Number of protein chains: 2
Amino acid sequence: MSNLSVSELPVLQSESAVPCCPPLTERPLSAEEAERTAVMFKALGDPVRLRLFSLIASHEGGEACVCDISDVGVSQPTVSHHLKKLKDAGLLTSERRATWVYYKVAPEVVASMSALLDLRR
Amino acid sequence: MSNLSVSELPVLQSESAVPCCPPLTERPLSAEEAERTAVMFKALGDPVRLRLFSLIASHEGGEACVCDISDVGVSQPTVSHHLKKLKDAGLLTSERRATWVYYKVAPEVVASMSALLDLRR
DNA sequence: CTTCTGAATCGACGTTTGTCGATGCAGCAT
DNA sequence: ATGCTGCATCGACAAACGTCGATTCAGAAG
């Protein structure tokens with residue numbers, strides 16, 4: 001698995017004038033762009049991770065404690081593993097509060113993925 | 001790999017009054033929904049497939065002959081294999097015209113994925 | 001300090017995936 | 001028919017992935 005930091009994700013790189021993410025219709029992706037962008041799609045390309053993500057996204061404030069979302073039919077270590085992947089992909093952030101760890105949706109990154117798929121032109 | 005037909009994809013199922021795809025923020029996905037939806041994200045979760053997809057999407061008319069997009073650094077059978085996966089996921093359609101096979105973006109399906117990631121509420 | 005609970009890491013495993021060369025098939029054009 | 005070209009399928013194999021139980025770590029509470 002790739003170990004990109006959030007700051008390296010293509011969708012967050014541009015503070016430029018143009019909108020951050022040209023849709024996939026605008027021009028072919030370079031190999032490097034594809035490599036980095038695929039990490040985000042791959043992160044959502046697993047059923048368990050999709051459920052975890054939607055559990056968090058649909059929770060109040062777009063964030064949830066791990067203990068609130070652990071009932072997805074896999075073991076606790078597996079849940080932890082998937083949350084880590086979503087976090088590594090830049091789709092979630094996490095924060096420890098006392099005993100519990102809260103995961104939260106990273107709105108800009110997700111919006112950027114959505115923009116990539118906007119095929120209008 | 002799952003073998004869902006396009007008609008089985010959740011994003012195309014609802015001809016109902018509500019917009020076809022509630023964003024992931026609206027409610028948690030069921031196991032079955034997640035299973036089917038993940039197929040589409042997984043399809044774009046590979047660098048080569050992302051490049052192929054953007055090559056087709058950015059081509060005139062949102063379609064391209066295989067011969068136009070085969071230069072992505074992998075062998076011809078591998079290109080064929082990836083195009084099949086994108087097609088099985090419902091993201092592309094294909095049509096043979098004489099000697100050549102043309103692949104085309106399935107706009108509704110892609111728009112639906114985009115809608116899933118629309119986190120406004 | 002010890003204990004308890006929630007979450008992360010480790011090590012191992014079977015399965016899936018991406019890739020290739022070889023081969024097969026479809027549709028032209030000799 | 002024969003050959004040629006574009007694309008799909010097959011079989012094989014290494015690498016990556018999802019999963020688990022066991023263990024470790026962090027923080028709170030006795």
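Throughout, protein chains are lettered first and strands after them, A, B, ... in sequence-line order, and every chain is numbered starting at 1. All heavy atoms count here, side chains included; hydrogens, waters and symmetry mates do not. If you're wondering where the values come from, they're calculated on a predicted model, not measured in any experiment.
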Asker: Should B:S94 and B:K87 be marked as a side chain to side chain donor-acceptor pair (under 3.5 Å) after you check the CA-CA gap, both sets of side-chain angles, and the distance that decides it?
Answerer: CA-CA 8 Å; B:S94 72; B:K87 185 179 173 181; 2.7 Å; yes
Asker: Using whole Å, what does the distance between atom P of nucleotide D:dA8 and atom CH2 of B:W100 come to?
Answerer: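 Atom-to-atom, B:W100 to D:dA8, this comes out as 15 Å.
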Asker: Of all the choices, D:dT19, C:dA8, C:dG6, which nucleotide is nearest to the side chain of A:V101 once you look at every atom?
Answerer: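 Of all the options, the side chain of A:V101 is nearest to C:dA8.
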Asker: Hydrophobic cluster membership, with links at side-chain heavy-atom distances under 4.5 Å among I/L/V/M/F/W/Y: are A:L119 and B:I69 in one?
Answerer: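 Yes, it is one cluster - the side chains of A:L119 and B:I69 are joined through contacts under 4.5 Å.
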Asker: Please tell me which of B:C67 and A:G73 maps to the more 5' nucleotide of DNA chain D, matching each residue to the nucleotide holding its nearest heavy atom.
Answerer: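 Its nearest nucleotide lies further toward 5', so the answer is B:C67.
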Asker: Closest nucleotide of DNA chain D for A:T99 versus for A:G45: which of these residues is on the 5' side?
Answerer: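 First, find each residue's nearest nucleotide; the 5'-ward one identifies A:G45.
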Asker: Mapping A:Y103 and B:S75 to their closest nucleotides on DNA chain C, which lands nearer the 5' end?
Answerer: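 Taking each residue's closest nucleotide, the earlier one in sequence belongs to A:Y103.
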Asker: If you only use heavy atoms from C-beta on, which nucleotide in C:dT17, D:dC7, C:dA7 is closest to the side chain of B:V66?
Answerer: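 Nearest listed nucleotide: D:dC7.
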Asker: How close or far is atom P of D:dG18 from atom CG of A:L52, stated in whole angstroms?
Answerer: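 It is 12 Å, rounded to the nearest whole Å.
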Asker: Which atoms form the tightest heavy-atom contact between B:C67 and B:W100, and what is the distance?
Answerer: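 Heavy-atom minimum between the residues: SG-CD1, 3.8 Å.
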Asker: Indicate the atoms forming the closest heavy-atom contact of B:L117 with A:L44, along with that distance.
Answerer: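 For B:L117 and A:L44, the tightest heavy-atom pair comes out as CD2-CD1, 3.8 Å.
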Asker: Please give, in whole Å, the distance from C:dA7 C1' to A:I56 CD1?
Answerer: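 Taking CD1 of A:I56 and C1' of C:dA7, I get 14 Å after rounding.
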Asker: What's the CG-P distance between B:L50 and C:dT17, to the nearest Å?
Answerer: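 Rounded to whole Å, this separation is 17 Å.
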Asker: Expressed in angstrom and rounded to an integer, what is the separation of A:R51 atom CZ from D:dT19 atom P?
Answerer: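 For the pair A:R51 CZ and D:dT19 P, the rounded distance is 12 Å.
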Asker: Which residues pass the side chain to side chain contact (heavy atoms under 4.5 Å, CB included) test with A:R96, not counting sequence neighbours?
Answerer: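 Partners of A:R96 by the side chain to side chain contact (heavy atoms under 4.5 Å, CB included) criterion, ordered by chain and then number, come out as A:V101.
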Asker: Could you state the NZ-P distance from A:K85 to C:dA7, rounded to the nearest angstrom?
Answerer: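 Distance, rounded to whole Å: 21 Å.
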Asker: Any donor-acceptor pair under 3.5 Å linking the side-chain atoms of A:S114 with those of B:S114?
Answerer: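 Side chains of B:S114 and A:S114: pair found under 3.5 Å.
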Asker: Considering only heavy atoms, which members of residues 76-83 of chain B lie under 4.0 Å from some atom of DNA chain C?
Answerer: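 Per residue number, the list reads B:P77, B:T78, B:H81, B:H82.
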Asker: The criterion is side chain to side chain contact (heavy atoms under 4.5 Å, CB included); which residues satisfy it with B:R51, sequence neighbours excluded?
Answerer: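 Expected list: A:A31, A:A34, B:V72.
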Asker: Tell me the interatomic distance from B:D46, atom CG, to C:dT16, atom P, rounded to whole angstroms.
Answerer: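 Checked: the CG to P distance equals 18 Å.
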Asker: Let's see if you can work this out: which of D:dC7, C:dG6, D:dG18 has an atom nearest to the side-chain heavy atoms of B:C65?
Answerer: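 In terms of side-chain proximity for B:C65, the closest of D:dC7, C:dG6, D:dG18 is D:dC7.
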Asker: Under 4.0 Å between a side-chain N/O of B:K42 and OP1 or OP2 of C:dT17, yes or no?
Answerer: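 Answer yes for this pair, as a side-chain N or O of B:K42 is under 4.0 Å from OP1 or OP2.
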Asker: Look at A:R96 and C:dA8 and indicate whether a side-chain polar atom (N or O) is within less than 4.0 Å of OP1 or OP2.
Answerer: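 Checking A:R96 against C:dA8: no side-chain N or O falls below 4.0 Å of OP1 or OP2.
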Asker: Roughly, in whole Å, what's the span from CZ in B:R97 to P in C:dC28?
Answerer: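 After rounding, the reported distance stands at 13 Å.
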Asker: Considering only D:dT19, D:dA28, D:dA26, which nucleotide approaches the side chain of A:V74 most closely?
Answerer: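 Shortest atom-to-atom distance from the side chain points to D:dT19.
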Asker: Between A:E95 and A:R97, what is the shortest heavy-atom contact and its length?
Answerer: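 Nearest pair, atom of A:E95 first, then A:R97: OE1-NH1, 3.1 Å.
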Asker: Quick one: which of C:dG6, D:dA28, D:dT19 gets closest to the side chain of A:V48?
Answerer: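 Side chain of A:V48 sits closest to D:dT19.
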